[in-house]
Amino acid sequence: MASLLEMKEMFRSADAVCFDVDSTVIREEGIDELAKFCGVGDAVAEMTRRAMGGTVTFKAALTARLGLIRPSYEQVQKLISDNPPQLTPGIRELVSRLQQRGVQVFLISGGFQSIVEHVALQLNIPTANVFANRLKFYFNGEKYAGFDETQPTAESGGKGKVITHLKEQFHFKKVVMIGDGATDMEACPPADCFIGFGGNVIRKQVKEKAKWYITHFDELLKELEER
């Protein structure tokens with residue numbers, strides 16, 4: 001097991017940094033915001049809490065939540081335009097600094113591609129570096145038709161599968177995963193280092209188990225300035 005000092009050195013010398021999105025890069029849980037927008041906020045928020053706590057499988061929770069929400073294409077687009085995701089303070093500066101250092105930045109999310117791509121655009125992250133779930137709509141482009149269950153991010157352990165794929169494709173030597181939830185922590189390994197983030201919401205399990213736990217991205221910016 002790496003010590004905190006070793007983890008900090010790994011972060012400073014990483015060739016790829018992967019961020020969770022909901023409650024990490026952005027302040028909200030995207031699926032909860034979509035549920036509120038569609039009028040089923042309370043029921044879905046409770047399911048999210050159970051999923052993030054690691055007590056149910058991610059795919060089961062996602063299926064159940066989307067079965068309640070049943071969002072149309074129009075509702076998803078209206079959510080993005082009327083209530084755009086709010087970036088977490090410090091994330092824009094951190095991503096920019098990492099990119100200046102030649103580090104590849106990825107967004108790996110159990111949320112939805114259309115929302116995560118909107119976030120990526122604000123952070124100058126290429127959409128090719130986004131891994132998220134894809135909603136499906138019937139041929140008229142309107143009614144909800146499920147989600148793409150073949151995406152690795154649709155199941156428990158999916159974020160680790162994405163990181164394994166990135167290592168194989170790009171031959172990264174040091175990959176860091178940053179996130180607030182159990183699914184992020186489970187991605188290490190194959191990630192070489194996991195940094196728990198509690199700036200928006202604190203998940204007890206992650207705070208207790210993560211060897212490196214931060215509550216503001218300024219803490220990581222300061223680490224980069226060390227060198």
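This chain uses plain numbering: 1 for the first residue, then up along the sequence. Predicted, not measured: the structure shown is a model, and the values here were computed from it.
- Scored by the side-chain hydrogen bond (donor to acceptor under 3.5 Å, both in side chains) test, S23 finds E29 as partners (sequence neighbours excluded).
- In this structure, the side chains of V21 and F19 stay at 4.5 Å or more apart for every pair of heavy atoms.
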In residues 169-179, what donor-acceptor pairs under 3.5 Å come from side-chain atoms, sequence neighbours left out?
{"unit_1": "Q169", "atom_1": "OE1", "unit_2": "H165", "atom_2": "NE2", "d": "3.0"}
{"unit_1": "K174", "atom_1": "NZ", "unit_2": "S13", "atom_2": "OG", "d": "2.8"}

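- Legend: residues meeting side chain to side chain contact (heavy atoms under 4.5 Å, CB included) with A145, ordered by chain and number and at least two apart, are K136, Y138.
- Contact between Q75 and F37 at its shortest, heavy atoms only, is O-CE2, 3.6 Å.
- Here the closest non-hydrogen pair linking A14 and V103 is O-CG2, 3.5 Å.
- Scanning all heavy atoms of the two residues, the minimum distance from C193 to M10 falls at CB-SD, 3.6 Å.
- In this structure, the side chains of C18 and L166 come closer than 4.5 Å at one or more pairs of heavy atoms.
- In this structure, the separation between CG on N133 and CG on D148 is 8.0 Å, given to the nearest 0.5 Å.
- Remark: V76 pairs with L34, P71, I80, S114, L135, F137 by the side chain to side chain contact (heavy atoms under 4.5 Å, CB included) rule, at least two apart or across chains.
- Residue L68 comes nearest to A43 through the heavy atom pair CD1-CB, 3.8 Å, listed as atom of the first residue, atom of the second, then distance.
- Electrostatic pairing of K159 and E186 does not count as a salt bridge here, judged by no charged N lying under 4.0 Å from a carboxylate O.
- In this structure E149 satisfies the side-chain hydrogen bond (donor to acceptor under 3.5 Å, both in side chains) test with no other residue, sequence neighbours excluded.
- Shown here for P89 and H216, the closest heavy-atom pair between the two residues is O-CE1, 3.9 Å.
- The heavy-atom pair separating K167 from P190 by the smallest distance is NZ-O, 2.8 Å.
- For E93, the side chain to side chain contact (heavy atoms under 4.5 Å, CB included) criterion is met by L221, not counting sequence neighbours.
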Inset, instruction - May I have the step-by-step check of side-chain contact (heavy atoms from CB on, under 4.5 Å) for L62 and I31, ending in yes or no? - result: CA-CA 9 Å; L62 185 61; I31 195 164; 3.9 Å; yes
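- I125 has its side chain within reach of Q99: a pair of non-hydrogen atoms, C-beta onward, lies under 4.5 Å apart.
- In this structure, CD on Q151 lies 7.0 Å from CD on Q113, to the nearest 0.5 angstrom.
- Side-chain N or O atoms of R101 include one that pairs as donor or acceptor with a backbone N or O of R12 at under 3.5 Å.
- For the pair T24 (side chain) and D180 (backbone), a donor-acceptor distance under 3.5 Å is present.
- For Q77, there are no side-chain hydrogen bond (donor to acceptor under 3.5 Å, both in side chains) partners two or more places apart in sequence or in a different chain.
- Contacts classified as side-chain hydrogen bond (donor to acceptor under 3.5 Å, both in side chains) and involving residues 80-90 (residues at least two apart or in different chains) are given here: K78-D82, T88-N200.
- Here the CD atom belonging to E223 is positioned 8.5 Å from the CD1 atom belonging to I195, to the nearest 0.5 angstrom.
- For the pair L224 and L220, the minimum side-chain heavy-atom distance is 4.5 Å or more.
- Rounded to the nearest 0.5 angstrom, D22 CG and R27 CZ are separated by 14.0 Å.
- Counting only heavy atoms from C-beta outward, the side chains of E219 and K222 never approach each other to under 4.5 Å.
- Between K161 atom NZ and I163 atom CD1 the span is 13.0 Å, to the nearest 0.5 Å.
- Contact check for L107 versus N129: no side-chain heavy atoms found under the 4.5 Å cut-off.
- Side-chain contact check for E117 versus L121: every heavy-atom pair is 4.5 Å or farther apart.
- With contacts defined as side-chain heavy-atom distances shorter than 4.5 Å, the pair P85/I115 qualifies.
- Residues in residues 114-133 take part in no ring pair (Phe, Tyr, Trp, His ring centres under 6.0 Å) pair, two or more places apart or across chains.
- Looking at residues two or more places apart in sequence or on another chain, you find a side chain to side chain contact (heavy atoms under 4.5 Å, CB included) between R92 and L87, Q122, L123.
- Within the structure, every pair that satisfies the ring pair (Phe, Tyr, Trp, His ring centres under 6.0 Å) test and touches residues 183-206, not counting sequence neighbours, is listed here: F197-F217.
- For the atom pair L66 CG and F147 CZ, the distance stands at 6.5 Å (nearest 0.5 Å).
- Applying the salt bridge (charged side-chain N to carboxylate O under 4.0 Å, His left out) test to E33 and every residue at least two apart in sequence or in another chain returns K36.
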